[in-house]
There are 4 protein chains.
Amino acid sequence: MAKSPLVVTDVPRGAGRPRSDAVRAAVLAAAYGLLLETPLGGFSIEAVALRAGVARTTIYRWWPTKGLLAIESFLDGFKPKLSYTAGDDPEKAFRKLLASLARALSGPDGRVAASVVAQAQSDPETQRIFREQFSDPLRVETSKLIEAGIAQGRFRADLDVPRVIDAAVGAIYLRLLLGQTLDARWADSLADMLLGGMVTR
Amino acid sequence: MAKSPLVVTDVPRGAGRPRSDAVRAAVLAAAYGLLLETPLGGFSIEAVALRAGVARTTIYRWWPTKGLLAIESFLDGFKPKLSYTAGDDPEKAFRKLLASLARALSGPDGRVAASVVAQAQSDPETQRIFREQFSDPLRVETSKLIEAGIAQGRFRADLDVPRVIDAAVGAIYLRLLLGQTLDARWADSLADMLLGGMVTR
Amino acid sequence: MAKSPLVVTDVPRGAGRPRSDAVRAAVLAAAYGLLLETPLGGFSIEAVALRAGVARTTIYRWWPTKGLLAIESFLDGFKPKLSYTAGDDPEKAFRKLLASLARALSGPDGRVAASVVAQAQSDPETQRIFREQFSDPLRVETSKLIEAGIAQGRFRADLDVPRVIDAAVGAIYLRLLLGQTLDARWADSLADMLLGGMVTR
Amino acid sequence: MAKSPLVVTDVPRGAGRPRSDAVRAAVLAAAYGLLLETPLGGFSIEAVALRAGVARTTIYRWWPTKGLLAIESFLDGFKPKLSYTAGDDPEKAFRKLLASLARALSGPDGRVAASVVAQAQSDPETQRIFREQFSDPLRVETSKLIEAGIAQGRFRADLDVPRVIDAAVGAIYLRLLLGQTLDARWADSLADMLLGGMVTR
DNA sequence: CTCTAATCGAGACGGTACGTCTAGTCTTAGT
DNA sequence: ACTAAGACTAGACGTACCGTCTCGATTAGAG
């Protein structure tokens, strides 16, 4: 794992005590744990420091805002097992992808994602990083999968892929943010509906 | 407009000094104004009280949490001009509806909506009210519009209407929450994509 | 008992609902009870109103300040059984008087007196009433008793009676206010000391 | 002057930013000033913080209750010039001592003392400290002075010294707390009366 | 036997201070 | 140069009372 995907740390490495990786890991783990367990806004630098057994000052040195700490811990700890395996049946692959995303966000980790999105509303920097580091990569992978289906002639050639992704991901997030269940049946019916306009006839 | 959409106030008017409607209006206006102008989390009861020229305690008397104040001010102040006019062309009507929703959320009022959704992540009660008082009614109207199209035979009879709405509204919200532009062109391309699977052939 | 020793109520008595004596009594009793039970500053108009089952406004109508309510309830409720019986032995009478005052102030009622004196430090009006309605009458009675002793030739003719009272009462109050025990033995030793300079030889 | 007469601060000096003595002094001075100038209960932590130019939280860190702040500022600021000089005439020394105590308490500083005693009525801890840090030392010194007189044979050998002090100090406090003048003439007449029973014949 | 005027109860309202929590900054000592 | 510890400024939190106010309901005596 790289030191930090968000902060450039390629300084030539001068003298002095080197940064403790143990501290960084402890902080991120504590932050993620707090986001997991206290959905009701109990996420404070104070609490993270206490749980990580780390001085508050140390956190401030490395993470300028609460939002950036939250999102880095999210990127560090949230590893959804998404199914990008195209296989030979693009419809099935699309269906599986939506289902795996819904499942990943339906549990407690989903609350973390929702918290991060909420944080991002009051911090453009957090918003940008969420988009670039989490949202966009996911879209790229999904794009590839759909375009494979187009190449196979199974999906319509004139399909507006980015819009499909907007709709699919947006629907999932909306349910997450409104506190509604994200079960497999629902994910499947969403895939059904979207595929209705995607498949060639 | 009724006194309050959230609280039942049909008590037969007992003794005691009656609640001042001027105060209620001033607080809600101040709250909405703050949500509009200070996107960066500057929404505090303190600030609302100051701006409304009202005692802080008065706010606490009527709004138990920040979230409930935020959402009531949102419901009171956010009146999107949505186009539910079915007309005789369901496709056009659907297109117009999506466009009007996108437009309504693209301006500063959209930031208010985003803030409210963010607040709702740390307050289930706020979340519930947002869903019941804002989200659901909008879905019902949209449903009617789509079903009119089905009745006219212009939309597929087996259309999964709730899923279509999930996708449409979800896509719009996603862009809003990720801080991306919500222009007419984008809304139109979204409508195109969805209609691709909705219209009969 | 007169309506109120503190407030003039000799208005000509026009029309309208007359003041309820039940309310007055309930308030004073509640106030005294609170002063008895919550020595730690838990004496608020709010609490008195609640305990008396009376509207807060009603209290404000009749008692302009907290101090005046406190002292009126004290005067109304604190009825020490002081021994002013001169008898034929002035020494014994003096001794008994000091003992009875110490005993009266040693129990919970003593805490009430201390509270009132404390209140009086931030309200000159309360201070004045305490002096005039409680302290001075007690001094007058004590004076008589001592002067009877002088008349009998048992106490020194040139005795500075007010100073003796200052010393006796002051010593008792000091112990009360410093939270020290006010037992009979102590009261007796105080009387001994004072009599040492009072009796003729 | 030691750091604090109330709190032991002999810890070996660990890590962390050291406590600012400037802040401590500013707070105590502000507190004493408020006690001096606003006899009518205007002594609030809020006001002290404002006057001292210090954050409210800093005060709470070091002084758990209002009473303890009041008394520490009193002990820090009230330095009566008491006359404990025995000299060769015990009567004169006793007289001077009473006069100097009365004078010290007759001015605005006397109001501070009264306020502190009032505060102590709703806070046993404050009461205890007042007794131990202010009252008792004063008694010890007075004791010495009187006992010197006994040793010289000028005061009665069987004199109950603590009771004499109770009477003398109590009388002074009583007048202070009842808002009566504490002039030299009065102090002298008190001394006269007490000495009447103290001197040998 | 109604009118009328004061009371009492109820509760909203603008305030002040409370004591707590968290955010950030700063200043030391230790590694 | 980093970490740990902790003092400090700043300010919002939610609560408790304060004292004022506006009502409705009640309760006598006066007309």
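Below, read A as the first sequence line, B as the second, and so on, with proteins coming before strands; counting in each chain starts at 1. Bear in mind that the values here come from a model prediction, so they are computed numbers and not experimental data.
- Distances from the side chain of Val54(B) to the nucleotides dG14(E), dT9(F), dA23(E) place dG14(E) closest.
- Judged by distance alone with a 3.5 Å cut-off, a donor-acceptor contact links the side chain of Thr57(C) to the base of dA10(E).
- dC8(E) atom C1' lies 13 Å from atom CH2 of Trp63(C), rounded to whole Å.
- Two residues, Thr65(D) and Tyr60(A), neighbour DNA chain E, and the one matched to the more 5' nucleotide by heavy-atom proximity is Thr65(D).
- Residue Trp62(A) places none of its side-chain N or O atoms closer than 4.0 Å to OP1 or OP2 of dC2(F).
- In terms of heavy-atom proximity, Ser115(C) sits nearest to Leu35(C) at CB-CD2, 4.0 Å.
- If you check dA5(F), dA12(F), dA12(E) against the side chain of Arg19(B), the one that comes closest is dA12(E).
- Between Glu37(D) and Arg111(D) there is no salt bridge, since none of the side-chain N atoms of the basic residue sits less than 4.0 Å from a carboxylate O of the acidic one.
- Nearest-nucleotide assignment on DNA chain E puts the 5′-proximal partner with Ala55(C), out of Ala55(C) and Val23(B).
- Contact between Gly42(A) and Ala47(A) at its shortest, heavy atoms only, is O-CB, 4.3 Å.
- Residues Ser20(D) and Ser44(C) both approach DNA chain F. Their nearest nucleotides, taken by heavy-atom distance, put Ser20(D) toward the 5′ side.
- Atom CZ in Arg24(B) sits roughly 20 Å away from atom P in dG11(E) (whole-Å rounding).
- Between the CG atom of Asp21(D) and the C1' atom of dA7(F) there is a distance of 13 Å, given to the nearest Å.
- Contact detail for Thr126(A) and Val116(A): the closest heavy-atom pair is CG2-O, 4.5 Å.
- Looking at heavy-atom distances under 4.0 Å, Gly42(C) makes no contact with the nucleic acid at all.
- dT20(E) atom C1' lies 14 Å from atom CD of Glu46(D), rounded to whole Å.
- When the nucleotides dC13(F), dC8(F), dA23(E) are ranked by their closest atom to the side chain of Ile45(A), dA23(E) comes out on top.
- Across the protein-nucleic acid pair, Ile59(B) atom CD1 and dG14(F) atom C1' stand 13 Å apart, rounded to whole Å.
- Taking a cutoff of 4.0 Å between a charged side-chain nitrogen and a carboxylate oxygen, Arg51(A) and Glu46(A) do not qualify as a salt bridge.
- In this structure, Leu69(D) places its CG atom 10 Å from P of dC18(E), rounding to the nearest Å.
- Following rounding to the nearest Å, Leu50(A) (CG) and dA4(F) (C1') show an atom-to-atom distance of 14 Å.
- Summarising the geometry, the separation between CZ on Arg61(C) and P on dT22(F) is reported as 14 Å, rounded to the nearest angstrom.
- Residue side chain Arg17(C) reaches the base of dT7(E) through a donor-acceptor N/O pair under 3.5 Å, judged by distance alone.
- Side-chain nitrogen and oxygen atoms of Thr58(D) include none within less than 4.0 Å of the OP1 or OP2 phosphate oxygen of dC8(F).
- Look at Arg56(A) and you won't find any side-chain N or O under 4.0 angstrom from OP1 or OP2 of dA23(E).
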